[in-house]
Every structure is written in C-alpha cells, then in structure tokens.
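From a predicted model like this one, the values you see are computed outputs, not experimental measurements. Convention: sequence-line order gives letters A, B, ...; per-chain numbering from 1.
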Number of protein chains: 2
Amino acid sequence: MTQDGTLTAQTHTGVRGPQDCEVRDVLDRIGDKWSVLIMARLGGGPLRYSELRRVVDGISQRMLTVTLRGLERDGLITRTVIPTTPPRVDYALTEVGETLAGEVASLIRWAEANRPYVAASRAAFDATTP
Amino acid sequence: MTQDGTLTAQTHTGVRGPQDCEVRDVLDRIGDKWSVLIMARLGGGPLRYSELRRVVDGISQRMLTVTLRGLERDGLITRTVIPTTPPRVDYALTEVGETLAGEVASLIRWAEANRPYVAASRAAFDATTP
DNA sequence: CTGAATCCCACCCGATACTG
DNA sequence: CAGTATCGGGTGGGATTCAG
C-alpha cells in the first residue's frame, strides 16, 4: 500500500484501526466549537458564568450552560457555587483540563498564525472553481 | 499558558478578544470530526480516495468527498489526478497541512491518553446526577 | 445572577442511486 | 475507481420564557 515509513517516528497516533470510534467521543468535545473557546478562556484562570458569557462572544445562554455541563461531566472543568446574593458560580479547569487547554491554546495559535494562508487558499480555490 | 489571576483582564494573554469569530472559521475545520480523522491519516503519507474510504472507518462516500474538498479549498491538502484506467486520485498534506496534522496528532494522543479518565468522570457524574 | 425548559428550524450527514 | 445528485431524518443550537 503506501509508505508507512513516515509514521513510524512520532505520528504513530496518526494511524488507528476501527477503534477510531473510541477516541471519537473524546474528540467530539473538541469538535464542539463552543467547548474549545471556553477551554481557551478558562486557560487564563477561573471565570464566572456571566464573565464567560461576555467573553465568549456570540454564545447563547443555553449553549453556554449546556457546554459547561458537558465539560464538567468530562472532568475537564469544575463548577463551584458561592452562595452569596446574588449567587455566584466559578468555573475553572481541572488538572486534566489544563492539559487539554494547552492543546487547545496551541491549536488556536495555529489558527491565528495560518488564518491569512487559509483565507488566501479559499479565495484562490473559489476563483478557479465557478 | 499564563495565569494572570485578575479576571477583569480584558487584555488576555494567549487568547483572543471579541474577534473569536475570525479564528472560528479556521477552527471549524478542526471542529469537523471527519476532517480531523482524515488529516490524521494523511499524516502517515499520501493516500488515494479508496484507501481513505477504507481507512477512515465509517465515513460515507459523500462526506469523504465533501470533506476532502473543504480541506483542499483551505490549502491543507492537495488533490492530484493520475489519468490511468481506472483513474486514480492521490491526496496528500500540503506543507501547511503537515503542521496542522502535527497539532491534530497531538490532540489524538491526548484523547487516547485521557480516554479512561474522561470515561470515569462521565460515569461518576452520571451516577450522582439523576 | 445563574440557570432550566420549551419551541422550532436550518443544516448536517447518512443512505441510495446514477455517471465518466 | 472516483466521484455527483437527490432525498429525508436527526439534531445542533438560537430565541424566548420562567424559576431559584
């Protein structure tokens, strides 16, 4: 078949068998656009609900709550209620969450760095494809 | 990843301000589960259409084509037609695509390493949440 | 302030059938 | 072999409303 030589080095994870599905449910968390943005923001330190809502830019109240629940369920963030009036809830990365946030940050850095290239590629592609 | 403690910081380090949306369309490529898997596979070297179809495990013909087009449009993969009989089409990462594949590989490694933790977290969460 | 619940529609994506 | 075209169910997710 093809030269698998390149993947022997470090990208052995690049090749998996039918057990893709097992990893997928973890990756699906990344697949969710809101999760990555939230993780990224929490990488800068704990934030409360309303702060996240302001800072995540464009997220609906519903999706914020739903996404936070999902992240909490996966053990990536913690949710601490501070019983004051008005109530206050802080969200913070867990230790494992921090490691994922690192990956996410790296990903975002990539996206920022290559956004011009991608935009140009799209323009070029669209130009030659009526 | 810096932690500047002060939650009031609008000037975050590492993460964006309200212009999340600009980065998002790039991240959305990552958000797509098929794109991630395809990038990962191509990280091991060029593959042809039918090979991808076999190896990506569960992808429909339609989604394979659509996803490949998207990746090509973004300048992340190349599509080279070899006019033989029967026809043959090879897909390979571009140079920029390689760098993204590296990120993706890192992400998949994370997912594999932390899958047990996530699974346990979910089980625990579901147990304490009727 | 921090959610939960409901409605509802656009769009994603899988299945199927057809072509060069 | 490598696609394209079409149809249709399922669902993600936005808007809105109510509650603690």
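Residue contacts shown for B/T65 include a base, since a base heavy atom lies under 4.0 Å away.
Proximity of B/L68 to B/L52: side-chain heavy atoms (C-beta onward) are separated by under 4.5 Å at one or more points.
The A/R62 side chain lies nearest to D/dA15 when the options are D/dA2, C/dT2, D/dA15. Out of C/dC1, C/dG20, C/dG14, the shortest distance to the side chain of A/P87 is found at C/dC1. Residue A/M63 places its side chain closer to D/dG14 than to any other of D/dG3, C/dC13, D/dG14. With distances taken from any side-chain atom of A/V89 to the nucleotides D/dC1, D/dG3, C/dG3, the minimum falls on C/dG3.
With respect to B/K33 and A/D28, no salt bridge is recorded, no charged nitrogen being found less than 4.0 Å from a carboxylate O.
Mapping B/K33 and A/R79 onto DNA chain C by nearest heavy atom places A/R79 at the nucleotide closer to the 5' end.
B/L47 has its CG atom 11 Å from the P atom of D/dA2, to the nearest Å. Distance A/I38 CD1 to C/dT2 P: 14 Å, rounded to the nearest Å. With rounding to whole Å, A/R69 atom CZ is found 10 Å from C/dA5 atom P.
Distance check, rounded to the nearest 0.5 Å: CD of B/E51 to CG of B/L42 gives 10.0 Å.
Within 3.5 Å, a donor on the side chain of A/Q61 pairs with an acceptor on the base of C/dG3, or the reverse.
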